[in-house]
Amino acid sequence: MKKLLSKTVILLCVGAAPLAASEFEVVAATGVREPEGLHAGQPLGENTRLVLEHWGRALIRETTKCALTHVVVGVGEYVLTLSEDCTESSSPTDVVERLQRGEVFAERLKETGSGPVDDVVRAISNEPCVFLPRVSEEGTGRRECPSGYALRGLRCSGVYCDDKDLLCCPYLEGAPDAGAKRLQSRWISEEAPNVTTTKDFFNGLSCRGPYCDEVNPQTFKTPRLANAGECLWTVWSSQREGQWLDCQLGRLMAGIRCREDYCAEVAISCCKVRVK
């Protein structure tokens, strides 16, 4: 009987052994393919590999050591590693501004209180913009935003702005828009016509000719979205600078123009949005 009791006590002790603590916790996530079903509050271990859609975003908090938050945006894969230096981190304000510019971001953000972290969570969760695969005259030569999204930004790269990166953002909080219809669009280049504008907005872009010499922005119309005016042209972008032309929050693309050989420099018109 004593031997049996001893075994029982041993088994109870083994069963009550504490589980290893998780090093990370999910704060917010969207567009993450692996681990499947990633959600807020989910614990994760060190060296967990995140696989994201090209528009995927994730904010992961460390639960030990430095208590830093990992911000992952616009990258295909990211492996979670614990921080070693608690003094080096990114500014919360800088993170939000870079997210709004549509930049790729995979860095750590030091938690300085709930306020700054909440700002970043909102930037990730409430505006899950889509980074489209690069468009050029090679391949399909055409990219289009998902339903319920419209073009908000563009970046040149390659010789003569041969390749163009596109940023699509939701106007219906990510929901599809069954009422959206394509409109007739026209091709432009550095030769006339070298500019096109619309009272509506763009949701795609096509290229043709050497170095994407001719550009055709896809115009669309929907009863859910109106152009409220107050349109502004951005600066010119070329492959030399490679900066994003971004309409920023509250505006979408409603015009584009070209100059220089092969439409090497482009600018976009950004108009205020009114969602109905």
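Numbering of residues begins at 1 and proceeds along the displayed sequence. Everything numeric here is computed off the predicted structure, so don't read it as measured data.
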Whether the side chain of [X] engages the backbone of [Y] through a donor-acceptor N/O pair (distance < 3.5 Å, no angle test) should be reported.
X: Glu214; Y: Tyr262; answer: no
X: Thr196; Y: Ser185; answer: no
X: Glu62; Y: Ser83; answer: yes

Looking only at heavy atoms, what is the nearest atom pair of [X] and [Y], with distance?
X: Ile256; Y: Trp233; result: N-CH2, 3.7 Å
X: Tyr171; Y: Ala180; result: OH-CB, 4.2 Å
X: Arg186; Y: Pro217; result: O-CD, 3.9 Å
X: Cys258; Y: Glu190; result: CB-N, 4.0 Å
X: Leu245; Y: Ile268; result: O-CD1, 3.5 Å
X: Asn203; Y: Tyr149; result: CB-O, 3.8 Å

Check whether [X] and [Y] end up in the same hydrophobic cluster, where Ile, Leu, Val, Met, Phe, Trp and Tyr are linked by side-chain heavy atoms less than 4.5 Å apart.
X: Val26; Y: Val72; answer: yes
X: Tyr78; Y: Leu82; answer: yes
X: Leu172; Y: Leu225; answer: yes

What's the verdict on side-chain hydrogen bond (donor to acceptor under 3.5 Å, both in side chains) for Arg208 and Ser189, showing C-alpha distance, side-chain angles and the deciding distance?
CA-CA 10 Å; Arg208 71 183 182 188; Ser189 186; over 6 Å; no
I'd like to check [X] versus [Y] (side-chain heavy atoms, cut-off strictly below 4.5 Å). Are they in contact?
X: Leu50; Y: Pro35; result: yes
X: Val32; Y: Leu52; result: yes
X: Leu205; Y: Leu154; result: yes
X: Thr222; Y: Phe201; result: no
X: Arg142; Y: Val135; result: no
X: Ile60; Y: Thr69; result: no

Quick one: [atom1] on [X] to [atom2] on [Y], what's the gap to the nearest 0.5 Å?
X: Thr63; Y: Leu44; atom1: OG1; atom2: CG; value: 9.5 Å
X: Leu151; Y: Leu166; atom1: CG; atom2: CG; value: 5.5 Å
X: Thr198; Y: Gln184; atom1: OG1; atom2: CD; value: 12.0 Å
X: Glu46; Y: Thr81; atom1: CD; atom2: OG1; value: 6.5 Å
X: Lys199; Y: Asn227; atom1: NZ; atom2: CG; value: 9.5 Å
X: Cys207; Y: Asn216; atom1: SG; atom2: CG; value: 9.5 Å

Within a reach of under 6.0 Å around CZ of Arg224, are more than 12 heavy atoms found that belong to other residues, nucleotides or ligands?
no
Can you confirm whether more than 12 heavy atoms, excluding those of Glu36, are under 6.0 Å from its CD atom?
no
Go through Cys270 and Cys231 one step at a time and tell me if the disulfide (SG to SG under 2.5 Å) criterion holds.
CA-CA 5 Å; Cys270 302; Cys231 304; over 6 Å; no
Parallel, tilted or perpendicular: ring planes of Phe24 versus His70, cut at 30 and 60 degrees:
perpendicular
Testing Arg257, Lys164, Glu260 one by one against Val266 for a side chain to side chain contact (heavy atoms under 4.5 Å, CB included), which residue passes?
Lys164
Should Cys145 and Phe202 be marked as a side chain to side chain contact (heavy atoms under 4.5 Å, CB included) after you check the CA-CA gap, both sets of side-chain angles, and the distance that decides it?
CA-CA 9 Å; Cys145 298; Phe202 301 146; over 6 Å; no
Working note: Cys271 + Cys247, criterion disulfide (SG to SG under 2.5 Å); need CA distance, chi angles, decisive distance, verdict.
CA-CA 8 Å; Cys271 299; Cys247 294; over 6 Å; no
Disulfide (SG to SG under 2.5 Å) between Cys212 and Cys263, worked out
CA-CA 8 Å; Cys212 192; Cys263 194; over 6 Å; no
For residues 267-276, which residue pairs pass the side-chain hydrogen bond (donor to acceptor under 3.5 Å, both in side chains) check, not counting sequence neighbours?
Glu230-Lys272
Paired with Asp246, the side chain to side chain donor-acceptor pair (under 3.5 Å) test is passed by just one of Arg152, Arg251, Arg155, namely Arg152
Is there a side chain to side chain contact (heavy atoms under 4.5 Å, CB included) between Asp261 and Tyr211? Walk through the geometry before answering.
CA-CA 10 Å; Asp261 292 343; Tyr211 302 109; over 6 Å; no
